[in-house]
Every structure is written in C-alpha cells, then in structure tokens.
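Take a look at the structure set out below.
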Protein chains: 2
Amino acid sequence: MLPTSIELNDEAMELVARRFKLLSDPMRLKILHALHSGEKTVTEIVELTGSTQPNISKHLAALRNGGLVRRRSESNLAYFSIAAPFIFELCDRVCQSIATELDSLQKNFSLQNQTK
Amino acid sequence: MLPTSIELNDEAMELVARRFKLLSDPMRLKILHALHSGEKTVTEIVELTGSTQPNISKHLAALRNGGLVRRRSESNLAYFSIAAPFIFELCDRVCQSIATELDSLQKNFSLQNQTK
DNA sequence: TGACAAAATAACTATGTAGTTATATAGTGT
DNA sequence: ACACTATATAACTACATAGTTATTTTGTCA
C-alpha cells in the first residue's frame with residue numbers, strides 16, 4: 001500500500017487555506033492595519049475601525065486562534081498586538097500585484113486612446 | 001469636506017481581501033498547485049485533484065475572474081495556466097510560517113520532556 | 001447530419017460566517 | 001456591596017459559497 005502523500009498534501013492545503021482565510025476579510029485586514037502601529041485595546045480598535053465591540057472581539061478571537069495576534073491583559077483592558085509580522089509582507093505583495101495590474105490597465109487604456 | 005481617505009482605504013481592503021479569498025480554499029490551492037508544473041486542461045486538473053468537472057470549472061472561472069489564471073482554447077479543449085506567479089511566493093511564505101511554528105512547538109515539547 | 005467528448009452553466013443543498021442585539025463576565029473604584 | 005467600564009460570549013439573521021446533479025453549449029470526427 002502506498003503512503004498517502006496525497007492526503008498529507010490535502011492537510012497541508014487545509015492549513016495554508018486556513019491562514020489565507022484569516023486575511024480574506026476586510027474587517028480583519030482593518031484590524032491588522034490598526035495594530036501595525038503598535039498594540040491597541042479592543043475599544044481603540046473599535047474606534048479605529050468603526051465597527052462594533054462584539055464584532056471586533058470575535059474577529060480578534062479568530063486572529064488570535066490563528067496565531068496572527070497576541071493578547072495581553074492589564075487591569076480590565078485587553079491589549080492586542082501583532083504576533084506574526086510576516087502578514088504585512090503578504091499584504092504588501094498583494095497590494096503590489098494589484099497596483100501593477102492597475103498600471104497595465106491604465107497603459108492599455110492610453111494605448112487604446114492614442115491617435116495613430 | 002475632507003477627502004474620504006477612510007473610504008478609499010475600505011476599497012483597498014476589499015480588493016486585498018478578495019485576492020486572499022481566492023487563496024483561502026483548499027481545492028483552489030490544489031488547482032494552482034496542479035498548474036505549477038505547466039498549463040493543463042480541465043480534465044487533467046479534474047484527475048489531478050480528484051474533484052468533479054463542474055466543481056473544477058467553477059473554481060477555474062473564479063480564479064480566472066480574479067486574474068490568477070489564464071485560459072486558452074484549442075480544438076475543444078480549454079488549457080489553463082498561471083497568470084500571476086507571485087501567488088507561489090505567498091504560499092511559500094505561509095508554508096514557511098507554518099513550518100516555523102511547528103518547529104517551535106516541537107522545541108517546546110522537547111523542553112517540557114527534558115529531565116532536569 | 002448524428003454521435004461523441006470537453007467544458008460551461010443552472011439549480012439546488014448544505015454549511016460557514018460576518019454582523020447584530022442582548023447578556024454575561026471580570027476588573028476598578030466608591 | 002454597588003455602580004461602572006471593558007471585554008467576551010450566546011443566539012440569531014442574512015448572505016456567500018463549496019459541492020452535487022442535471023443540462024446545455026461547443027467543437028470534433030464519422
């Protein structure tokens with residue numbers, strides 16, 4: 001019987017997909033963006049994102065569960081911070097790809113509009 | 001009235017999130033993985049992934065719509081290929097982060113089991 | 001034209017999840 | 001103990017989407 005390298009692959013894909021999934025929501029991206037400048041309390045994040053407290057708490061729980069943020073308690077405040085800075089590399093790379101595509105769209109548009 | 005830099009930000013977050021979302025599904029990752037070694041027909045991808053033809057066609061449409069793959073017609077075959085190779089950089093980076101975390105888990109486990 | 005194969009699409013089901021509202025928990029200061 | 005604030009959790013709604021089955025479209029070849 002062959003070793004199930006296919007199944008191992010499936011598990012790996014699952015793990016990777018789950019990570020990307022954490023980054024595939026605009027509100028979670030806003031939270032991570034808010035934390036880019038340093039740790040923040042839940043209330044601060046609520047204000048920065050314009051969302052509601054329960055919603056932010058839930059997203060923070062997901063991000064924490066996925067290992068992307070860290071939580072620290074002080075008095076009755078919860079301070080959250082980035083635990084996996086590499087996510088910003090990912091975001092930058094994606095932004096770059098988007099910018100490149102917009103650029104070439106623009107270029108094509110110009111070419112189309114050139115008088116020969 | 002202030003320029004709505006907040007709203008622009010929201011749009012950017014949407015764009016980035018949508019890109020990550022394409023990568024947040026195991027089956028789509030398997031498809032992209034299958035295309036890593038070169039362009040493939042739909043039927044070939046179906047066989048490599050073990051999924052069904054309609055499911056693969058739908059995922060391919062999503063990936064194409066998101067600019068990640070390209071489609072080429074020849075006779076009555078549809079050849080798909082990678083249009084945005086940078087996605088492999090992203091996947092590699094994520095895999096790396098997972099590996100690092102598994103490593104440190106392993107290390108912690110060893111430390112716990114050390115006799116003093 | 002008719003039979004066949006490849007791929008796309010439609011309709012449907014089932015599941016996941018973002019956001020809301022209401023409530024519970026926990027820490028602080030009086 | 002009480003009031004107050006910060007955060008977490010529960011229950012719910014609404015919507016998106018992965019996968020399935022059935023059907024349609026399109027090209028090839030006889």
Side-chain angles (χ1 to χ4, degrees), chain A residues 6 9-11 13-35 39-66 68-81 83, chain B residues 6 9-11 13-35 39-66 68-81 83:
Chain A
I6 290 165
N9 241 334
D10 279 6
E11 283 176 41
M13 295 296 178
E14 276 285 351
L15 277 178
V16 176
R18 207 172 311 160
R19 263 232 153 158
F20 279 126
K21 190 159 249 167
L22 282 177
L23 299 174
S24 72
D25 178 81
M27 187 55 70
R28 278 195 294 275
L29 289 180
K30 286 177 82 172
I31 293 174
L32 294 171
H33 179 67
L35 295 179
E39 73 172 3
K40 304 262 182 306
T41 67
V42 175
T43 304
E44 285 172 328
I45 301 170
V46 167
E47 285 162 2
L48 287 169
T49 57
S51 181
T52 63
Q53 179 268 315
N55 193 30
I56 294 302
S57 278
K58 201 164 66 167
H59 281 303
L60 283 170
L63 290 169
R64 188 185 175 205
N65 189 51
L68 298 192
V69 304
R70 187 189 333 273
R71 195 193 116 114
R72 175 176 79 84
S73 257
E74 191 177 313
S75 85
N76 64 341
L77 300 179
Y79 287 91
F80 283 87
S81 58
Chain B
I6 289 165
N9 241 335
D10 279 6
E11 282 176 42
M13 295 296 178
E14 276 285 350
L15 277 179
V16 176
R18 206 172 309 160
R19 262 229 154 159
F20 279 125
K21 190 159 249 168
L22 283 177
L23 299 174
S24 73
D25 177 81
M27 186 54 69
R28 279 195 294 274
L29 289 180
K30 287 176 81 171
I31 293 174
L32 294 171
H33 178 67
L35 294 180
E39 73 172 3
K40 304 260 183 307
T41 66
V42 175
T43 303
E44 286 171 328
I45 300 171
V46 167
E47 285 162 3
L48 287 169
T49 57
S51 182
T52 62
Q53 179 268 315
N55 194 30
I56 295 302
S57 278
K58 202 164 64 166
H59 281 303
L60 283 170
L63 289 169
R64 188 186 176 205
N65 188 50
L68 299 192
V69 304
R70 187 189 333 271
R71 194 193 117 115
R72 175 175 78 84
S73 256
E74 189 178 315
S75 85
N76 63 341
L77 300 180
Y79 287 91
F80 284 87
S81 57

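Reminder, nothing fancy here: chain letters follow the sequence lines and each chain counts from 1.
- With sequence neighbours excluded, the residues satisfying side-chain hydrogen bond (donor to acceptor under 3.5 Å, both in side chains) with A/Gln53 are A/Ser57.
- A/Glu14 is linked by a side-chain hydrogen bond (donor to acceptor under 3.5 Å, both in side chains) to nothing, counting only residues two or more places apart in sequence or in another chain.
- Residues passing the salt bridge (charged side-chain N to carboxylate O under 4.0 Å, His left out) test with A/Arg72 are A/Glu39, A/Glu74, sequence neighbours excluded.
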List, with names and distances, any nitrogen or oxygen atoms from the protein found under 3.5 Å away from nitrogen or oxygen atoms belonging to nucleotides 28-30 of chain D.
none

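- Of the residues in residues 40-52 of chain B, those placing a heavy atom less than 4.0 Å from an atom of DNA chain C are B/Thr41, B/Val42, B/Thr43, in numerical order.
- Rounded to 10°, the angle separating the first-five-pair axis and the last-five-pair axis of the helix from C/dT1-D/dA30 to C/dT30-D/dA1 equals 20°.
- Along DNA chain C, the stretch of nucleotides lying under 4.0 Å from any heavy atom of chain B spans, 5' to 3', C/dA5 to C/dT9.
- Residue contacts for A/Arg28: at a heavy-atom cut-off of 4.0 Å it reaches the sugar-phosphate backbone alone, with no base atom in range.
- Every side-chain contact (heavy atoms from CB on, under 4.5 Å) that B/Leu48 has, sequence neighbours left out, goes to B/Ala34, B/Lys40.
- Non-hydrogen atoms lying under 4.0 Å from DNA chain D are contributed by B/Pro54, B/Asn55, B/Lys58, B/His59, all within residues 54-62 of chain B.
- Both B/Leu77 and A/Met27 sit near DNA chain C, but only B/Leu77 has its closest nucleotide nearer the 5' end.
- A/Lys58 meets the side-chain hydrogen bond (donor to acceptor under 3.5 Å, both in side chains) test with no other residue; sequence neighbours excluded.
- Distance alone, capped at 3.5 Å, is enough to place a donor-acceptor pair between the A/Arg28 side chain and the A/Lys21 backbone.
- For B/Ser51, the side-chain hydrogen bond (donor to acceptor under 3.5 Å, both in side chains) partners are B/Asn55, not counting sequence neighbours.
- A/Arg19 is linked by a salt bridge (charged side-chain N to carboxylate O under 4.0 Å, His left out) to B/Glu101, counting only residues two or more places apart in sequence or in another chain.
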